[in-house]
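Comments concern the structure below.
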Amino acid sequence: LRRSPAMPPPPQSIAGKVGRFFSFAAARDRCFSRRFQAAGLRPVSIQLPDSAHPVSVQLPDSADPVTTVHMWVPARPPRNPLVLLHGFGASATWQWYPYLRPLIAAGFDPIVPDLVFFGNSTTRLPDRSDTFQARSIKTALEAIGVTKFGLVGVSYGGFVGYRMAAMYPDAVERVTLVCAGVCLEEKDLAEGLFPVAGVDEAAALLVPRRPEEVRRLVRLTFVRPPIIMPSCFLWDYIKVMGSDHIEEKTELLHALISGRQISTLPKLRQKTLIVWGEQDKVFPMELAHRLKRHLDGNSRLAVIHNAGHAVNLEKPTDVCKSIIEFFQEPIPEASNDERVGVPA
C-alpha cells in the first residue's frame, strides 16, 4: 500500500488569517452538534472490548482503548431505531442534521455513529476493511442495547451498511443505500466509468488536502456548487474537518476498491431501497442499475432529479421522504422504479 503524503500546511498568509480570525467551520460544527442535542440526541463514546475483535493482534502497550466508536443516540431507549451511516467528507453531524426532526416526527429513533477514523471514532488495529467497520458499529450498537434496526448508508457509509446487512441479516431489518457504488469493480476505474483512473487518484479526490482539491470535489458532487469558494474558508474547513487520520482514510479507500469484484459481493436478504442522484458523477447511474440487477428484484430504485453524488445534502427533503415512506411500509415489496422531484 502506497502511503499518502502528509497534508501540506496552508500558505503563510492564509495560515495567519485562519489562526487570527473566527473559524467558520468550527462554528458550524458546534451549531450542528447543538441541533443534534436539541433533537434529543446525546453523544456517547463506546470502548469496544478486545473480544469484539476476532483476530488477536499484538499492539504496543497503551492506555488508549483498542477501538472507540463515537455515536449520537436518543436520550431514551430507542423503540424504532434507524442507524444513519455517513460518507467521506465532513463529520456525521454535518451530513445528517437536516434529517433528524423529520425522522423523529415520523416515529423513528435516529442513531448516528462516526465510522472508524471519522469524527471521534478510532482504532489502533491495522484492519481497514468494510467488514471491520461493520463489526465495530454492530458491536457498539449491542453495547447500547440495540439488536434490531433499520439502516441508511450514504456513499462510503452505504458500503459499510451493505456489509452490515450481509453479515447480520437478523439484526438489520431493512436497508436504504444512497449513492453507494457497492457494485463497482476496480477495473471500472481504468475503463473510464469514473472521473478518476485509479485508487490513488480516487483517494486524492475524496481526501482533499488543498483548497483546489476541495473545489474539485464540490464541483463533482454537487449539481449546483457554490460559485465562490474562497481559499481562506477552504483552508479553515480542511484544518477543522479534514486534517485528522488522512493516511488511515486513504487506506480505507485502498481496502475498499483494490481487487473489488461484483462476483464476490453477497446478495442481501433484506428489502432494499436504492436512492441515487440522477447526475451523480462520482458513482454514475450505471452503478445504481447494476446494484438493482444484483439484488434480483429485492430492491427498488428512487432517482432524485437535479442532484448529484451529494444528493443527501442537495435534496434532503426528497431523500428523507423516500426513506420515511420505505421504512414505514408494513410489508415492503419491490416495485417499479420511482422518480422523485420535479425538474427545474
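Side-chain atoms are counted along with the backbone in the values below, which use heavy atoms only and exclude waters and symmetry mates.
Taking CG of L265 as the reference point, atom CG of L291 lies at 8.0 Å (rounded to 0.5 Å). Residue N306 holds its CG atom at 7.0 Å from CD of E278, rounded to the nearest 0.5 Å. With rounding to the nearest 0.5 angstrom, the CZ atom of R163 is 9.0 Å from the CG atom of L256. The CD1 atom of I324 sits 9.5 Å away from atom NZ of K321, with the distance rounded to the nearest 0.5 Å. For the atom pair T139 OG1 and L48 CG, the distance stands at 5.5 Å (nearest 0.5 Å).
Judged as a side-chain hydrogen bond (donor to acceptor under 3.5 Å, both in side chains), the pairs with a partner in residues 148-161 (not counting sequence neighbours) are, in order, Q133-Y156, S155-H309.
Within the 3.5 Å criterion, the main-chain N or O of F283 finds a donor-acceptor partner in the side chain of W276. Put simply, the side chain of R174 gets close to the backbone of E329: a donor and an acceptor are under 3.5 Å apart. Judged by distance alone, with hydrogens and angles left aside, the side-chain atoms of Y162 form no donor-acceptor pair with the main-chain N or O of V175 at under 3.5 Å. Judged purely by atom type and a 3.5 angstrom limit, D236 uses its side chain to pair as donor or acceptor with the backbone of A25. The main-chain N or O of G259 is found under 3.5 Å from a side-chain atom of E186 such that the two form a donor-acceptor pair. No donor-acceptor pair closer than 3.5 Å links the side chain of N80 to the backbone N or O of D109.
Shown here are the ring-ring contact (aromatic ring centres under 6.0 Å, His included) partners of W96, two or more places apart in sequence or in another chain: Y99.
Each of I111, V112, L141 was evaluated against V73; a single residue qualifies, I111, per the side-chain contact (heavy atoms from CB on, under 4.5 Å) test.
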**Message:** Applying side chain to side chain contact (heavy atoms under 4.5 Å, CB included) to E213 and L205, what does each step give before you reach the verdict?
**Reply:** CA-CA 7 Å; E213 294 171 346; L205 172 67; over 6 Å; no
**Request:** Just do the side chain to side chain contact (heavy atoms under 4.5 Å, CB included) check on R135 and Y168 with the steps written out, would you?
**Result:** CA-CA 9 Å; R135 186 184 303 115; Y168 309 108; 3.7 Å; yes
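A perpendicular orientation is assigned to the rings of W94 and Y237, their planes being inclined by more than 60° (bins at 30° and 60°). Ring pair F88/F118 is perpendicular by interplanar angle, where above 60° counts as perpendicular and below 30° as parallel.
Alongside V223, the hydrophobic cluster contains no other residue (criterion: ILVMFWY side chains under 4.5 Å).
A donor and an acceptor atom, one from each side chain of T123 and T67, are located under 3.5 Å apart.
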